[in-house]
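All remarks here apply to the structure that follows.
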Amino acid sequence: MIRRVGLAVAAAAILVLTGADDGRAQQGGPFAPRLYVNDTAITNYEFNQRVQFLRLLGNPPRIEKVALDGLIDDRLRMDEAKRLGVSVSDEALQEGMEEFAARGSLDLDQFVALIGQAGVSKESFRDFVKAGLAWREVVRTRYGPRTQVTDAEIDRAVQSAASGSGAAGTQVLLSEIVLRADTPDYRRDAMALARQLSDSIDSAGAFAAAARKYSVSRSRDQGGRMGWMPLSKLPPAIAGQVLALGPGKVSAPIEMDNAIVLFQLRSVREGKAASQKALAVDYAIFTIPGGTLAEAMKVRMQADTCDDLYGVARGLPPERLLRETRPVADLPPDLAQELAKLDDNEVSYGLSTPAAAEVLMLCGRTPDLEDRGGIDREAVRRQLVGQRLAGYADSYLAELKADAIIRKP
């Protein structure tokens, strides 16, 4: 009997919903076209292969829609990679396939044999991995230089955990899924399931349903929901991962002595610690040459946080978006005055002139941190870079999809 395999490739977002209509019955033979994407056919065979593959990965709801949407996205990713001259070497593809299989504690031959029992060919698996690797390289090549994370930004991410500010500092509202991992077999299965859940859950409702189904913690009856807690009460390694999440996002699996844990960040709030003084401010300025206040307000509607501005600025000259962290004492008086009025992620249009509209957003204030130990700063850096690249990637793919001609035969 084929066991379900809970695996996912972290670099490839396969569960992207586009709203395409796939409810019609299959027509023609296995290699007849089911859909055209820019005049390239997606065949019935490819569709059926993807459906079977997704069943092994966890059988998501509306599986036929997810399968077809994933194939559409893969076509667009590979077309763009070809246009930009980005390719995946045989060595990189082999490593990618082996890494995917290893996430389920299998070698590649074992994994291929397992999916083969369900009728999924090695070639279909290879194409799936190749599209994810190609897209990752496309996004890194185009946007990597724009996603540099400064030490001050990492300080901002870990400030409360590092300073031990307690209830007066950052507090988080979390949900948890705790999976049993007190034997090697339980740990292997829990890690595979945790990876699948981490990559597929996209809402608070889905997380709560998974918590009720899989979690062994007392919070399972509440869908894993926990109350507000000071960030400083979390172990430093966990605090660093939680702070790198955006609201609604799910952490990577976190290994503990007898459990594998997932957290979903529901909300963040910050108290005022009287002993902390802002030494520097992290801010962003989006410039619209010749723009109006109305145009500036449209930008604000597309960006809830500073990181969202990277997606808005995609494809524009680099000088249109300035993101920097500077000591408060070094700020020009007009800029310092506007920033002083703002809380995190609030905006001001007070720097605008007749020549250009300016959207000024406060990203955060960096306090004096005396103790930075216990936090894996490089892990925080990688997660922040990953979030920014993901923002670019989502915007990039949405634009490709909007420009594509997707039609039925």
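All values below come from the heavy atoms of this structure, side chains included, with hydrogens, waters and symmetry mates left out.
- Taking the six-membered ring for Trp, Y310 and Y143 have ring centres at least 6.0 Å apart.
- For Q49, the side-chain hydrogen bond (donor to acceptor under 3.5 Å, both in side chains) partners are S121, S124, not counting sequence neighbours.
- Classification of the F125-F100 ring pair by plane angle, with boundaries at 30° and 60°, yields perpendicular.
- The side-chain hydrogen bond (donor to acceptor under 3.5 Å, both in side chains) search around Q52 returns R55, not counting sequence neighbours.
- With respect to the salt-bridge test (charged N to carboxylate O, under 4.0 angstrom), the residues E80 and R83 qualify.
- Under the side-chain hydrogen bond (donor to acceptor under 3.5 Å, both in side chains) criterion, T40 pairs with no residue, sequence neighbours left out.
- Here salt bridge (charged side-chain N to carboxylate O under 4.0 Å, His left out) pairs that include residues 124-135, with residues two or more places apart or in two chains, number zero.
- With sequence neighbours excluded, the residues that form a side-chain hydrogen bond (donor to acceptor under 3.5 Å, both in side chains) with Y186 are R180.
- The existence of a salt bridge linking E399 and R314 is confirmed by a sub-4.0 Å separation between a basic side-chain nitrogen and an acidic carboxylate oxygen.
- Checked by atom type, the side-chain pair Y283/E324 shows a donor-acceptor distance below 3.5 Å.
- A salt bridge does not link D282 to R326: none of the charged nitrogens lies less than 4.0 Å from a carboxylate oxygen.
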Would L179 and V261 count as a side-chain contact (heavy atoms from CB on, under 4.5 Å) if you check the C-alpha gap in whole Å, the side-chain angles of each, and the deciding distance to 0.1 Å?
CA-CA 6 Å; L179 304 176; V261 183; over 6 Å; no
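- A donor atom on one side chain and an acceptor atom on the other are not found under 3.5 Å apart for E358 and S352.
- Judged by distance alone, with hydrogens and angles left aside, the side-chain atoms of R323 form no donor-acceptor pair with the main-chain N or O of C363 at under 3.5 Å.
- Residue I72 holds its CD1 atom at 7.5 Å from CG of L76, rounded to the nearest 0.5 Å.
- Annotation: cation-pi geometry satisfied between R142 and Y396 (NZ/CZ under 6.0 angstrom from ring centroid, within 45° of ring axis).
- A salt bridge links R50 and D74; the closest N-O separation between the charged side-chain nitrogens and carboxylate oxygens is under 4.0 Å.
- Among residues at least two apart or in separate chains, salt bridge (charged side-chain N to carboxylate O under 4.0 Å, His left out) pairs with a member in residues 36-48 are D39-R407, E46-R75.
- The pair K82-D79 does not meet the salt-bridge criterion, since no charged nitrogen lies less than 4.0 angstrom from a carboxylate oxygen.
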Which is it for F31 and N44 under the side-chain contact (heavy atoms from CB on, under 4.5 Å) test, yes or no, and what are the steps along the way?
CA-CA 6 Å; F31 296 101; N44 289 325; over 6 Å; no
